[in-house]
2 protein chains.
Amino acid sequence: MTQVTAQAEPTSGSRIPLSRDRVLRAAVKVADEGGVEAITMRRLADELGAEAMSLYYHVARKEDILEGIVDVIAREVNDAVGQVRGPSEGAAWKTAMRQRILSARQVFLRHPWAPGLFERHASTSPAVLRYFDALLGIMRDGGFSYDLAHHALHALGSRALGFAQEMFDPGDGAGGEEDTAALDAMAGQFPHLAGMMAEIAHDDPDSTLGWCDDQTEFEFGLDLILDGLDRMRQSA
Amino acid sequence: MTQVTAQAEPTSGSRIPLSRDRVLRAAVKVADEGGVEAITMRRLADELGAEAMSLYYHVARKEDILEGIVDVIAREVNDAVGQVRGPSEGAAWKTAMRQRILSARQVFLRHPWAPGLFERHASTSPAVLRYFDALLGIMRDGGFSYDLAHHALHALGSRALGFAQEMFDPGDGAGGEEDTAALDAMAGQFPHLAGMMAEIAHDDPDSTLGWCDDQTEFEFGLDLILDGLDRMRQSA
DNA sequence: ACCTGAACACCGTTCAAGT
DNA sequence: ACCTGAACACCGTTCAAGT
């Protein structure tokens, strides 16, 4: 009945043996809670009720774990987009592609730490290859040559997988309190940035903070590219 | 004359005092030689002929250094694009933008480790803000509303700065030696990927390795986006 | 004002040893 | 076959102490 006893033998389920799969799932859980940098051999071991050194029996080294969880997330993406079914012949390629990518995006919203890892390890993951293979299939149905489809995947870049690293986020620099003061100070150095923020604030007076709707911007960029590709498809 | 003496007092120039600027320049040099992960307080100190702890007098912590070198590279970008001069009124906005971005890209080719840092620290760099401000100016000259220009920067994403993280790189997975064998094995699981690689290899028999010309793909994606934006500009 | 030595709490990883 | 303790070489960072 004492807390001490309960702590010495944590939970009854913690006796199941380690495995590569359990290590990877633990890593995803830890990253979901504290980001990639929270993934530590010792932290994973804690999570699994084991010692750090025990992990090396199931994975070669930490990099191996990082490659592994990219594949785990990519499988989650494939599961998510697998639900989406619809025609992809001819002009329908575009909505098919759009739906797949937008539902892939949902997965990355659940794992905001994952994009950084994908940039380093995507090419080692079979699940990522399977994902791209499916996208190529859709484009083929739409009448793309392999050559154009190849360019298309490069043009989409990480957007094909459902995420875009945001390079440009005004409002990150200027704080939330002295809005007008900071804006005036900025107007001198960065007139267009200041003008833009003023216009957007005018359009939507409610959004004094959080200038950019990520979903809107993602879809804007995605549609811009898909529309351009569709034009090329038709003129080919 | 002995090597010992020479090693004890390395080079005569190593007496100049430390400074935030010297620390940042050393960090860029170290990263150029060994990537971001080579940036270590002790390694930087070595480079500067000092002790690791001395750096803390000039920078707050390692993150501060990483933010700092993003700004250093962004200034290098601004210097590079500053050379480019040309009209940007009306339809000329597109070539002006294109030239700026392509010459920004040259800087990142010299610092291939930098993109990863920009994704985390771009919004803290005044030089990055200045760069974006200039791009906005070009688009304004072209007749963009601030609203459309804002969407445009999001659509371009990292491409606006001159780099694109390559998500998709076939040929990374399949090795260089057993080409046909690996391709056959792949054909079962990833028919479209295999088909695409076969077609591309057919088009260009010389490129058995290195399927994708990065410069070509970058320009393809860039032009696709710029053309789409130009259409929106005209119909606005 | 500027730099450093010693020390701390953490890493990833190896290896011989336990069961 | 699977797990671990002790140990190593490395981190970033603090702090009192040197000049």
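In the text below, chain A, chain B and the rest are named by the order of the sequence lines, each starting its count at 1.
Secondary-structure annotation of DNA chain C gives the stems C:4-8 with D:12-16, C:12-16 with D:4-8, with a stem taken as at least 3 successive Watson-Crick or G-U pairs whose two distances both fall under 3.5 Å.
With C:dA7, C:dT4, D:dT4 as the choices, the nucleotide that has an atom nearest any side-chain atom of A:Ala50 turns out to be D:dT4. Among the nucleotides C:dC3, D:dC11, D:dC3, the one closest to the side chain of B:Thr40 is D:dC11.
Residues B:Arg120 and B:Glu67 are not paired through a salt bridge, judged by the lack of any N-O separation under 4.0 Å between the basic side chain and the carboxylate. Classification of B:Glu33 and B:Arg43 as a salt-bridged pair holds, one side-chain N sitting under 4.0 Å from a carboxylate O. Between B:Arg75 and B:Asp71, at least one side-chain N (NZ, or NE/NH1/NH2) sits under 4.0 Å from a carboxylate O, which counts as a salt bridge. Classification of B:Asp32 and B:Arg110 as a salt-bridged pair fails, no side-chain N sitting under 4.0 Å from a carboxylate O.
Between B:Met41 atom CE and D:dA9 atom C1' the separation is 19 Å, expressed in whole Å. Computed from coordinates, the A:Leu44 CG to C:dC11 P distance equals 11 Å when rounded to whole Å. Put simply, CD on B:Glu51 is 15 Å from C1' on D:dT13, counting in whole angstrom units. Atom CG in B:Leu48 sits roughly 15 Å away from atom C1' in C:dT4 (whole-Å rounding). The separation between A:Arg42 atom CZ and C:dT13 atom P is 11 Å, rounded to whole Å. Distance, B:His58 NE2 to C:dT4 P: 10 Å, rounded to whole Å. Taking atom CG on A:Leu18 and atom P on D:dC2, their separation rounds to 10 Å, with Å as the unit. Nucleotide D:dC2 holds its P atom 15 Å from the CD1 atom of A:Ile16, rounded to whole Å.
B:His154 is linked by a ring pair (Phe, Tyr, Trp, His ring centres under 6.0 Å) to A:Phe168, B:His150, counting only residues two or more places apart in sequence or in another chain. In this view, A:Glu219 and A:Arg98 satisfy the salt bridge (charged side-chain N to carboxylate O under 4.0 Å, His left out) rule, not counting sequence neighbours.
Against DNA chain D, the stretch residues 114-122 of chain A makes no heavy-atom approach under 4.0 Å. A heavy atom closer than 4.0 Å to some atom of DNA chain C occurs in A:Arg61, A:Lys62, these being the qualifying members of residues 61-73 of chain A.
Annotation: B:Phe108 is in aromatic contact with B:Phe118 [ring centroid separation under 6.0 Å].
Within 4.0 Å of A:Leu55, counting heavy atoms only, lies no atom of the nucleic acid at all.
For the OP1/OP2 pair of C:dC3 and a distance below 4.0 Å, the side-chain nitrogens and oxygens of B:Tyr57 include no atom meeting the criterion.
The CZ atom of B:Phe132 lies 14.5 Å from the NE2 atom of A:His192; values are rounded to the nearest 0.5 Å.
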Between the protein and nucleotides 14-19 of chain C, which nitrogen or oxygen pairs are less than 3.5 angstrom apart?
none

